[in-house]
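Okay, structure first, notes after.
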Amino acid sequence: MSSTITFPPRPPALRLPRASSAPPSQEKWAESLAGERRRLEEDNDALRVREENLREYEARLRALQDEIEAGRPASSLTSRTAAPFLRPSSKAPFETDATLQVAWEKLHRARELLEAEQMHLRDERITTHEKEHDVARREQAVAEREAHVAARERTVAEAEAGEQSPQPVVAEHPVSAVTRLTRAPFDMARSVFGGKK
């Protein structure tokens, strides 16, 4: 069985075409500048909206604070033992008392604000937990990489140690300076007269 091999009509290009080093045209500059301006305007609009929201929120909080301060009776500032709400002398239920109704509305508003803050806190905790989990995962990956690199370095060091033949180390007896000075004349005489060491 013989099969026929067909080759492409021209050889494949082995070099990659070079990117043109010509400066970008004025149209491209204009497009990029227009895009940047558009993004800046969008960012400015978003900041304006956020600022308006914050101003409205501040105004609501100030109004709530003013209502709370205006609703406090003067006697409650001086005497802490007085009951905050006085029960009418008649047997009418509490809902007919105007000060009690205002106080309940303030309590409900404060509770709504507290729940909103709790939701924000919960979202921040979830985000923080996810970030901590991500950091722990990255630390584990870095530790694994470091262990892998250390193992490879040990393997390379062992291979290099195996290629070099171990040289026997001869321990030399240290000769002190005084010994060298006292032996120097005798060594010189031996070298002149041909004596053996």
Side-chain angles (χ1 to χ4, degrees), residues 1-51 53-54 57-58 113-197:
M1 292 180 124
S2 66
S3 61
T4 306
I5 299 174
T6 59
F7 292 100
R10 65 183 184 94
L14 298 178
R15 292 186 182 177
L16 295 175
R18 288 189 177 189
S20 64
S21 60
S25 66
Q26 293 293 335
E27 295 173 1
K28 289 183 182 178
W29 279 107
E31 289 176 10
S32 64
L33 286 175
E36 288 294 324
R37 283 189 188 120
R38 211 173 23 254
R39 279 192 288 266
L40 283 174
E41 289 173 1
E42 290 172 0
D43 290 344
N44 283 337
D45 291 340
L47 285 174
R48 281 189 207 109
V49 168
R50 185 176 288 176
E51 187 177 358
N53 288 340
L54 287 173
Y57 185 65
E58 182 183 9
L113 289 173
L114 176 66
E115 288 174 357
E117 289 297 327
Q118 285 175 341
M119 286 192 321
H120 288 300
L121 181 64
R122 185 189 65 224
D123 293 342
E124 288 177 2
R125 283 182 181 171
I126 289 171
T127 305
T128 305
H129 180 69
E130 289 173 356
K131 286 181 182 177
E132 289 174 353
H133 182 66
D134 188 33
V135 167
R137 193 178 51 214
R138 286 182 183 183
E139 285 177 351
Q140 183 180 4
V142 168
E144 289 173 0
R145 277 190 241 144
E146 288 177 349
H148 182 69
V149 168
R152 289 189 72 184
E153 287 176 350
R154 270 187 266 127
T155 305
V156 169
E158 289 172 2
E160 288 177 356
E163 291 175 2
Q164 297 175 353
S165 61
Q167 299 285 334
V169 178
V170 177
E172 296 180 3
H173 186 278
V175 179
S176 68
V178 174
T179 307
R180 277 186 273 147
L181 285 174
T182 56
R183 286 187 184 174
F186 297 110
D187 290 340
M188 188 182 294
R190 282 189 195 123
S191 66
V192 172
F193 298 116
K196 293 182 179 179
K197 271 189 169 178

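Hydrogens, waters and symmetry mates are skipped; everything else that's a heavy atom, side chains included, is used.
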Could you give the distance from [atom1] ([X]) to [atom2] ([Y]), rounded to the nearest 0.5 Å?
| X | Y | atom1 | atom2 | answer |
| --- | --- | --- | --- | --- |
| Arg125 | Leu121 | CZ | CG | 4.5 Å |
| Glu139 | Asp134 | CD | CG | 10.5 Å |
| Arg48 | Asp43 | CZ | CG | 11.0 Å |
| Thr155 | Glu160 | OG1 | CD | 11.5 Å |
| Gln26 | Leu33 | CD | CG | 9.5 Å |

Could you check if a side-chain atom of [X] sits within less than 4.5 angstrom of a side-chain atom of [Y], using non-hydrogen atoms only?
| X | Y | answer |
| --- | --- | --- |
| Glu132 | Val135 | no |
| Lys131 | Thr128 | no |
| Val149 | Glu153 | yes |

Margin query: Can you confirm whether more than 12 heavy atoms, excluding those of Gln118, are under 6.0 Å from its CD atom?
Written below: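 Yes, CD of Gln118 has more than 12 neighbouring heavy atoms, counting only those of other groups under 6.0 Å.
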Next item on the list: State which residue, out of Glu146, Arg152, Glu144, fulfils the side chain to side chain contact (heavy atoms under 4.5 Å, CB included) condition with His148.
Entry: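 One option only clears the test, and that one is Arg152.
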Check: Salt bridge or not for Glu31 and Lys28, using N-O below 4.0 Å?
Finding: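 No, Glu31 and Lys28 are not salt-bridged.
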